[in-house]
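So the structure is just underneath, and the comments pick up after that.
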2 protein chains.
Amino acid sequence: MAANKFFDIYTQLKDEVREGIYNDTMLLPTELELVERFKTSRNTIRRAIAELNNEGLVHSVKGRGVVVLETSKVDKVFFRTGNFHGLKELSSYNEISTSSKLIDFTELTVSEALAELISFHAGERIYKIERLRVINGKKMMYDTSYFKKSILGPIDKKVATGSIYAYIDTHADFKIAASKSIMKVVSANAHDFTNLDLGENNCVGEIENITYTDNGRLFEHTFIRYIPNEYVMVSFAQH
Amino acid sequence: MAANKFFDIYTQLKDEVREGIYNDTMLLPTELELVERFKTSRNTIRRAIAELNNEGLVHSVKGRGVVVLETSKVDKVFFRTGNFHGLKELSSYNEISTSSKLIDFTELTVSEALAELISFHAGERIYKIERLRVINGKKMMYDTSYFKKSILGPIDKKVATGSIYAYIDTHADFKIAASKSIMKVVSANAHDFTNLDLGENNCVGEIENITYTDNGRLFEHTFIRYIPNEYVMVSFAQH
DNA sequence: GAGTGGTCTAGACCACGGT
DNA sequence: CCGTGGTCTAGACCACTCC
């Protein structure tokens, strides 16, 4: 995809790790050997290896080398059981699938009460969009999203029904830069019991998701509430 | 702490962002200006700025500059409501606080059934440790941990009662390198109802946490089950 | 076109691991 | 002690944003 040298090297090394060319617990070739092999500078090699570290495939140890991490059950779970692809796709990006239905679309002004709840200031003009995700007839996930109108510009119900983010890509003069998430387990409220197929369960998972534009401005604040036993989140941390 | 140049610059810029010297939505000084100011090379400046990006404080845009992200409610939540400090401290590191009690400590061999559940192979000799965290008399969190004996070496109940990780720091010849986590919301089982003060709730949060040594070997596999409404996890992602 | 961040090079020195 | 990864330098060129 990218014609970046470091990215190509990263991809190649990743494949080789995945194929088991370097066994679990073994070392990658040293940086100097990789410099030889890829005919590039050491910094570029290091950039590629840094990427492997971030992904949780290897761990660099000063004075020893680059250790390949044993594979675990977790690695197999990565793109399964429901739909949370790690955390990156947690914003509205993928929420609009064929199985996602628009429940409500309104324009309103942020009240003092709502300002307490979300990261927008009172008086700000916003769109509120509620959506329901149904899979195999089961109500799995309910989203309540707030978008700043001052950033998004005027939209109609048709846009809200489709993908807001596809609309931004083609019609807006800004990009989505980053997002932050808060994840909790909470007791279900009356809304949850009617909006979701909870069965015997009386709790839901909640993910609060804040999205930034590439101007550093808060753009979207979304609450995702989902039923137990269907979704999984995965993360990796280096010490 | 670290006498690394890039780390000092990162810390200083971070403070300045926090103090609002660069307002939300404004730009940081350009890389060349920072090179001037800190009398260093551009790569070092870039390393510091990369750190700020990872932390979710700024976002670099090619051709424009380094944008400071608006602060949000999420930022204030970071170290509150319970005890999950982001994800880094999720392994056993901090679980052994004054309020954490050892419930069970046994040595056993991984059965075929257990091997299905955790990332260790059948036949492996392991320690199983169960702990309960009580806060203000409330049973909040229940941990079931499995440690590879072949890596940890022989330990007794006294070590298990204290901090395993403090023990490793001082007595073991390996370090903890990385960890992976899976987070879910699941229906409570009979164990949960007796082990935790669930109140009216019939679900729990579960975090499965896998820890690696700096030799790339799976070392610990822990299941944390906790009550609703008390804990929060925060994450940040760049697009 | 001027200025920005992104990639890359070719070198240097240091801190640590293992022998 | 040697070899490893970690930090840092001083430069170059490119891709992008904005005027």
Side-chain angles (χ1 to χ4, degrees), chain A residues 1-11 13 22 25-54 57-69 169 172-178 213-216 238-239, chain B residues 1-11 13 22 25-54 57-69 169 172-178 213-216 238-239:
Chain A
M1 179 162 303
N4 294 338
K5 206 174 280 192
F6 83 86
F7 189 84
D8 292 341
I9 296 172
Y10 151 73
T11 305
L13 290 176
Y22 320 106
T25 295
M26 297 281 79
L27 296 177
L28 239 55
T30 69
E31 296 180 348
L32 290 182
E33 284 168 357
L34 292 171
V35 164
E36 280 288 310
R37 172 175 163 198
F38 289 105
K39 310 286 182 211
T40 184
S41 78
R42 193 172 152 229
N43 276 351
T44 302
I45 295 293
R46 285 181 57 70
R47 183 89 163 71
I49 291 177
E51 222 59 46
L52 294 174
N53 270 274
N54 288 337
L57 268 75
V58 305
H59 177 74
S60 300
V61 184
K62 189 197 298 202
R64 192 178 326 146
V66 179
V67 178
V68 178
L69 296 184
D169 265 355
D173 62 341
F174 65 92
K175 293 196 180 69
I176 298 302
T213 70
D214 62 349
N215 279 314
Q238 299 250 8
H239 295 313
Chain B
M1 180 165 302
N4 294 337
K5 206 174 280 193
F6 82 86
F7 190 84
D8 293 341
I9 296 172
Y10 150 74
T11 305
L13 290 177
Y22 320 105
T25 295
M26 297 281 78
L27 296 178
L28 239 54
T30 70
E31 296 181 348
L32 290 183
E33 283 168 358
L34 293 171
V35 164
E36 280 289 310
R37 172 175 164 197
F38 289 105
K39 311 287 182 210
T40 184
S41 79
R42 193 173 151 227
N43 276 351
T44 301
I45 295 293
R46 285 182 57 71
R47 183 90 163 69
I49 292 177
E51 222 60 46
L52 294 174
N53 271 274
N54 289 337
L57 268 75
V58 305
H59 177 74
S60 300
V61 183
K62 188 194 300 202
R64 189 177 328 146
V66 179
V67 177
V68 179
L69 296 184
D169 265 355
D173 62 340
F174 65 93
K175 293 197 180 70
I176 298 302
T213 70
D214 62 348
N215 279 313
Q238 299 249 9
H239 295 313

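Below, chains carry the letters A, B, ... as their sequence lines are ordered, and counting in each starts from 1.
Checked by atom type and distance alone, the side chain of A/Asn215 never pairs as donor or acceptor with a backbone atom of A/Phe174 at under 3.5 Å. A donor-acceptor distance shorter than 3.5 angstrom exists from the side chain of A/Arg64 to the backbone of B/Asp214, with no hydrogens or angles considered.
Remark: A/Tyr22 OH to A/Leu57 CG distance equals 12.0 Å, nearest 0.5 Å. With values rounded to the nearest 0.5 angstrom, A/Glu31 atom CD is found 11.5 Å from A/Thr44 atom OG1. The structure places NZ of B/Lys5 at 4.5 Å from OG1 of B/Thr40, a figure rounded to the nearest 0.5 Å.
Distance CG (B/Asn4) to P (D/dT9): 11 Å, rounded to an integer number of Å. Atom CD1 in B/Ile45 sits roughly 18 Å away from atom C1' in C/dT7 (whole-Å rounding). The CG atom of B/Asp214 sits 14 Å away from the C1' atom of D/dT4 (whole-angstrom rounding). One interatomic measurement links the two molecules: OH of B/Tyr10 to P of D/dT7, which rounds to 14 Å at whole-angstrom precision. Whole-Å rounding puts the B/Glu51 CD to D/dC8 P distance at 12 Å. Rounded to a whole Å, the NZ atom of B/Lys5 is 15 Å from the P atom of C/dC13. One atom, CG of A/Leu27, and another, C1' of D/dT4, lie 10 Å apart when rounded to the nearest Å. Distance CZ (B/Phe7) to P (C/dA15): 18 Å, rounded to an integer number of Å.
Note on A/Arg64: every side-chain N or O is 4.0 Å or more away from OP1 and OP2 of D/dG3. Regarding contacts with the backbone of C/dT9, every side-chain N or O of A/Lys39 stays at 4.0 angstrom or more from both OP1 and OP2. Of the side-chain N and O atoms in B/Lys175, one or more sit less than 4.0 angstrom from OP1 or OP2 of C/dG17. Between C/dG11 and A/Arg42, no contact under 4.0 Å exists linking OP1 or OP2 to a side-chain N or O. For C/dT9, the OP1/OP2 oxygens have a side-chain nitrogen or oxygen of A/Thr40 closer than 4.0 Å. Contact annotation: B/Thr30 does not reach the phosphate of C/dG3 (side-chain N/O to OP1 or OP2, under 4.0 Å). In this model, the phosphate group of C/dT9 is approached by a side-chain N or O of A/Thr44 to a distance below 4.0 Å at OP1 or OP2.
With C/dG5, D/dC8, D/dG6 as the candidates, the nucleotide lying closest to the side chain of A/Glu31 is D/dG6.
Nearer to the 5' terminus of DNA chain D, by closest-nucleotide assignment, is the contact made by A/Ser60 (compared with the other of A/Ser60 and B/Ser41). Mapped onto DNA chain C by nearest heavy atom, B/Leu32 and A/Lys62 fall at different nucleotides, with B/Leu32 at the one closer to the 5' end. Map A/Asn43 and A/Gly63 each onto its nearest nucleotide of DNA chain C; the residue landing nearer the 5' end is A/Asn43.
Within 4.0 Å (heavy atoms only), B/Arg46 reaches at least one base atom of the nucleic acid.
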